[in-house]
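Only one structure is covered here, and it is reproduced in the block below.
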There are 2 protein chains.
Amino acid sequence: MPAKSKDTRPGGRSARVRAAVHRATVDLVQEVGADKVTLPAVARRAGVNPSSVYRRWGTTSALLADVAAQRKDEAAPELLGDLRADLGHAAVWTLTDLSRPGGVAFFRAEVAPDVDDRRAGLRECLERVSTRFQAALEAAARRGEETPSLDRVLDRVVAPLYFRVVFSLPETDEEYARGLVAELCDGLPASGQLPDSPRTTPE
Amino acid sequence: MPAKSKDTRPGGRSARVRAAVHRATVDLVQEVGADKVTLPAVARRAGVNPSSVYRRWGTTSALLADVAAQRKDEAAPELLGDLRADLGHAAVWTLTDLSRPGGVAFFRAEVAPDVDDRRAGLRECLERVSTRFQAALEAAARRGEETPSLDRVLDRVVAPLYFRVVFSLPETDEEYARGLVAELCDGLPASGQLPDSPRTTPE
DNA sequence: GATTTAAAGCAATGAACTTTGCTTTTGGCA
DNA sequence: TGCCAAAAGCAAAGTTCATTGCTTTAAATC
């Protein structure tokens, strides 16, 4: 709700151009990598005049951030009423989001747009990720269950996923994501056995 | 030891140029951000002819990776003979490395040099980080102690550090790094209390 | 010291990327 | 329907990046 990007004239051609540019951006990021995406290239691909792109977005970072930001308005997670299941769900969602072609690229784009927006981009991106987990935690808390802090979830679940995707570590899959959650939850009450802890060595 | 960058003519002017370019690179990364560093800019800053820079490094990614790679040949960690202390040492070192100006940028540069070298860059970078921890683990293993796997160290210590630095989460300091190690080690033998687990919420 | 030659400097060139003033289209609204 | 202004298109500059052939400097070796 805060900044609604006061777009006068949201319909018609304007919207078409916006959509075409967004699509072209996603495509190009997948094809050549976010580093090599340029505004003229996007414009060509979208069948739009470069100056239009420059006037609206200005820089590739801004464009990438815009595209990334829009993606967040997608599925709302339905909560199952079981903390472990809900966290697992969020973890898998996060992993999927990061793993898809260009996923990390968009993640990074949100993190590193122009210096001014950098802080804002960081926070927004983190919040996006956090939201899913926060919802699960709050629901559990409302049920009176003992829950880990969000911070703990970030350290124990999100950070490893992010790290493993960035470094393309093998076997970073759904099972692994759920395993991280399980391990976190098992450590909650008192102790608990470590469920067949992670495997894989870097090589 | 593997690739020693077969430099014929490592001394004199050549070395001076190399040093000047490296210094200029570090400076520029800090000042304008790694995204906006260009070879001509580096050359100007270094007082060197652009073509020299192009001929030697070719691309900014290569240059950044080279600068980053050189940084790794610094302190060798002396092992104290105590797993927790050694891992803590490595964790703090990692945190320091990431936290210094441009730290994350250089880290990324190693991870994402030009697409071809990507895989190689990934592995090398990961190995660089891993080495410190691996040494501590192996020393402990030789003493017959029970040790976590390297993989586990990556998930529980390195990943959170990396994540928190990238997102500029507050209170990501030495104490925190040591806390991660402590928590990992405490979970080792059987159970163990969680040492006043992590604090801080994203906001 | 003289020789060799790797690497730096120079300069011209081409190819993007950006920017900008102006014109044209067209969505929003009375 | 007709007005108005926002946004798109067009085109011409202006910048900056990147490449390359040639010349000059100065390490390294004998």
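Just so we're on the same page: letters track the sequence lines, and every chain starts at 1.
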Using whole Å, what does the distance between atom P of nucleotide C:dA12 and atom CG of B:Asn49 come to?
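So the two atoms are 13 Å apart, to the nearest Å.
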
Between D:dA7, D:dA27, D:dG9, spot the one nearest the side chain of A:Val48, thanks.
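Nearest nucleotide to the side chain: D:dG9.
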
Would you indicate, yes or no, if [N] has its OP1 or OP2 atom less than 4.0 angstrom from a side-chain nitrogen or oxygen of [X]?
| X | N | answer |
| --- | --- | --- |
| B:Arg13 | C:dA7 | no |
| A:Arg56 | D:dA8 | yes |
| A:Ser52 | D:dG9 | yes |

Of all the heavy-atom pairs spanning [X] and [Y], show the shortest one and how long it is.
| X | Y | answer |
| --- | --- | --- |
| B:Leu154 | B:Pro160 | O-CD, 4.2 Å |
| A:Glu183 | A:Arg156 | O-NH2, 4.4 Å |
| B:Arg45 | B:Ala24 | CG-CB, 3.4 Å |

Any side-chain heavy atom of A:Phe163 sitting closer than 4.5 Å to one from B:Leu161?
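Side-chain contact under 4.5 Å: no.
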
Once base and sugar-phosphate atoms are separated, protein heavy atoms under 4.0 Å mark nucleotides 16-21 of chain C, 5' to 3', with B, S and - as -SBBBB

Under a 4.0 Å threshold between the charged nitrogen and the carboxylate oxygen, would B:Asp186 count as salt-bridged to B:Arg84?
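A salt bridge links B:Arg84 with B:Asp186.
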
Basic-acidic side-chain contact under 4.0 Å: A:Asp173, A:Arg164
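Between A:Arg164 and A:Asp173 there is no salt bridge, as every charged N stays at least 4.0 Å from the carboxylate O atoms.
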
Could you tell me how the ring of A:His22 sits relative to the ring of A:Trp57: parallel (under 30°), tilted (30 to 60°) or perpendicular (over 60°)?
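Judged by the thresholds at 30° and 60°, the geometry between A:His22 and A:Trp57 is tilted.
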
Are B:Ser149 and B:Asp151 linked by a side-chain donor-acceptor pair shorter than 3.5 Å?
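Not at all, the side chains of B:Ser149 and B:Asp151 share no donor-acceptor pair under 3.5 Å.
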
Estimate the overall bend of the helix from C:dG1-D:dC30 to C:dA30-D:dT1 from the end axes over five pairs each, rounded to 10 degrees.
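It comes to 40° between the two terminal axes.
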
